[in-house]
Amino acid sequence: GPPISKICCIGAGYVGGPTMSVIALKCPEVQVTIVDVSKERISQWNSDKLPIYEPGLEEIVKKCRGKNLFFSTDAKKAIQEAEIIFISVNTPTKTSGNGKGRAADLKHVEGCARLIAGIATSCKIVVEKSTVPVKAAESIMQVLKANNKQGVRYSILSNPEFLAEGTAIENLINPDRVLIGGEETPEGQKAIETLCWIYNKWIPKEKILTTNTWSSELSKLAANAMLAQRISSINSLSAVCEATGADVSEVGRAIGLDSRIGSKFLQASVGFGGSCFQKDLLNLVYICEKLNLPEVAQYWQKVIDMNEYQKTRFSQKIIECLFNTVSEKRLTIFGFAFKKNTGDTRETPAITVCKNLLDEGAKLNIYDPKVEKSQIIADLTSTRVTDNPEEVKKSIEIFTDPYDAVVGTHAIVICTEWDEFIEMDYDRIYKLMIKPAYLFDGRKIVNHEELQNVGFHVITIGKKLNRPGLMRSVGSISQQ
Ligand code: NAD
Ligand code: UDX
């Protein structure tokens, strides 16, 4: 029979949910159970409205759920039965204590290790799917061994996840590579082989990379650090472009054609967001400091600093262009998610932009096609944004129709690159707005020349637009 009949995954989040759904789809003979402490999340996974939006996910869940894919709060049963247990819980930045604001908080991972040790009565392969600091596997092993029952042995593998939100299913079905780190002992190698058997059901062997545990753990942090670094690099150049008349899109194209540099991930923007880049960079910075490598720590810290600078620079530009005051002005925010095709708002640059505008006394009409109204309100009334949540609630309005959101506003601020913002009827929108009407394109997605012809003042990232806007809008008034 197959070497594996049952898998358990602890953590039914953005990673656990999609990853296990694809394993269930590709390994029909394996029973996959995802468990979570959150009853609400599990009941959402078992309902018609899944807790996360990801293109293609719903189809897979509907196909496999109840057959070989199960969502449950009964961790005990699932852990006891499984031969492989994935740990896919959140590893947020610590908010207090040692390493506050930088170190990864491993309390949930440690909690999983204790849970497994308390329940397991047979040998288990424990897979670190969560992103963790280098050497985390050692801590997990210590917890498991210290609570060991007789005859129960554990192998720990590092198997970091590289999916990006919005394209998770695509990334999982056709990954650039799968990385598995394990011990160089016969037992470790056997565990690696077992996990390989799962992935090899749909991923060719050449794409499955095996390394030692520490290389695997560090590679995850390194990949995210390098990706984020590219964005901060191009964003730093966008400031140079705005000051000189160079166009960052042209610069990006020109350098991206160098095969050594490559063309992806060179899109200048309002700044990167998402639950991973900042958290993992901070984690890396903290590790470097602990290892007494301050120069290395400072190097990666700059990637975060540049991102903060970019978000603030964009917000400042909005305020400056609106005659240096947005107090009592109503502005439209187009897009709140941290990128398109997701409803996720963790570390979204839209929060920073909204905060800066609210601090200046602006009123905001916010529209996003996928983010829940309650999420936007929760984000903008959190203690990180304001100490006066009631005031914020009075200053924001959330819309479900973008055309309603622009009525009587001075400006549109594009914070997320949703496709629908490209194709909207900007003639109609222009007519609904207060003049002069401004559009700030934080994602470089709309046709700036066309919008200027409509009458908008258009301001974007990494390109100084000449400003026929004012003349044209005067012209269009005299035509009426
Ligand atoms: P998430 O917050 O969406 O999901 C984590 C889930 O784990 C939550 O539902 C939580 O209730 C549950 N949980 C926490 N402790 C638990 C416990 N002891 N027992 C049972 N359930 C528990 O997080 P996520 O975005 O899925 O990220 C998970 C990990 O994967 C993180 O380490 C993250 O860095 C990493 N990662 C995330 C992404 C991404 O795009 N989101 C990509 C690659 C890697
Ligand atoms: C990232 C990594 O890509 C993924 O491999 C890892 O597993 C998790 O972290 P994610 O954060 O989901 O994935 O999305 P990603 O596509 O990397 O975008 C992150 C942020 O960078 C978004 O806010 C996005 O808009 C921004 N970005 C991306 C840019 O501003 N410019 C770019 O060229 C690319």
Side-chain angles (χ1 to χ4, degrees), residues 8-20 34-42 44-45 51-52 54 71-75 78-79 86-93 104-116 128-133 136 159-168 171-172 175-176 179 220-221 223-228 230-235 238 248 252 256 263-281 283 307 310-311 335 337-342 344-350 415-417 442-445 461:
C8 166
C9 173
I10 311 178
Y14 284 88
V15 170
T19 311
M20 293 303 128
I34 313 178
V35 299
D36 203 290
V37 280
S38 164
K39 285 201 179 78
E40 195 197 348
R41 256 207 171 163
I42 291 300
Q44 285 172 323
W45 279 110
I52 66 173
E54 212 33 91
F71 298 91
S72 164
T73 50
D74 189 354
I79 289 170
F86 287 85
I87 299 180
S88 191
V89 297
N90 40 328
T91 49
T93 305
D105 192 339
L106 292 183
K107 69 177 174 202
H108 300 302
V109 172
E110 188 185 325
C112 290
R114 290 183 190 282
L115 187 70
I116 295 167
E128 266 179 5
K129 184 53 105 180
S130 296
T131 303
V132 292
N159 172 222
E161 185 48 60
F162 295 101
L163 68 79
E165 287 177 29
T167 54
N171 299 152
L172 287 164
D176 286 345
L179 179 57
K220 176 61 200 178
L221 297 181
N224 274 352
M226 299 279 282
L227 289 168
R230 277 173 77 92
I231 303 171
S232 277
S233 295
I234 199 76
N235 281 346
S238 76
V248 77
S263 62
K264 292 178 184 162
F265 255 68
L266 286 176
Q267 175 75 33
S269 67
V270 49
F272 61 72
S275 64
C276 290
F277 282 171
Q278 178 172 301
K279 163 175 79 73
D280 294 347
L281 278 161
N283 187 353
N307 197 49
Q310 187 76 351
K311 290 187 283 185
F338 83 95
K339 64 187 282 197
K340 73 173 179 180
N341 296 335
T342 178
D344 195 353
T345 64
R346 291 179 291 179
E347 304 298 335
T348 178
C415 287
T416 313
E417 73 283 21
R443 292 293 186 164
K444 300 175 70 66
I445 52 161
I461 306 249

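Order of appearance sets the numbers: ligands from 1, and atoms from 1 within every ligand.
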*Run down the list Cys415, Pro175, Gly273 and name the one with the heavy atom closest to atom 20 (C) of ligand 2.*
Gly273

*Contact check: Leu163 vs ligand 2, nitrogen or oxygen atoms, below 3.5 angstrom*: yes

*Could you check which of Asn90, Ile42, Val89 puts a non-hydrogen atom nearest to atom 29 (C) of ligand 1?*
Val89

_ligand 1-proximal atoms of Ser130, by part, heavy-atom distance under 4.0 Å_ = both

_Closest protein heavy atom (residue, atom, distance) for atom 22 (C) of ligand 2_ = Phe338 O, 3.5 Å

_Proximity to ligand 1 by part of Ala75, non-hydrogen separation under 4.0 Å_ = neither

*Check whether any N or O atom of Val35, backbone or side chain, sits under 3.5 Å from an N or O atom of ligand 1, and answer yes or no.*
no

*Can you find an N/O atom of Ser88 closer than 3.5 Å to an N/O atom of ligand 1?*
no

*Asp36, any N or O under 3.5 Å of ligand 1 N or O*: yes

*Before signing off on this row, confirm whether Asp280 and ligand 1 have an N or O atom pair separated by under 3.5 Å.*
no

*Could you tell me the residue and atom name of the protein heavy atom closest to atom 33 (O) of ligand 2, and the distance to it rounded to 0.1 Å?*
Gln267 N, 2.9 Å

*So, Gln310 and Ser238: side-chain donor and acceptor under 3.5 Å apart, yes or no?*
yes

_Close approach, Arg443 and ligand 2, non-hydrogen under 4.0 angstrom_ = yes

*Counting heavy atoms only, which part of Arg346 comes closer than 4.0 Å to ligand 1: side chain, backbone, both or neither?*
side chain

*Which ligand 1 atoms are under 4.0 Å away from a heavy-atom of Lys220?*
43 (C)

*Looking at atom 15 (N) of ligand 1, what's its closest protein heavy atom, distance included?*
His108 ND1, 3.4 Å

*May I ask which of Lys107, Lys129, Glu165, Arg114 has a heavy atom nearer to atom 41 (N) of ligand 1 than the others do?*
Glu165

*Please work out which of Phe265, Phe272, Phe277 has its closest non-hydrogen atom nearest to atom 34 (C) of ligand 2.*
Phe265

*Closest candidate by heavy atom, reference atom 43 (C) of ligand 1, pool Glu161, Glu110, Glu128*: Glu161

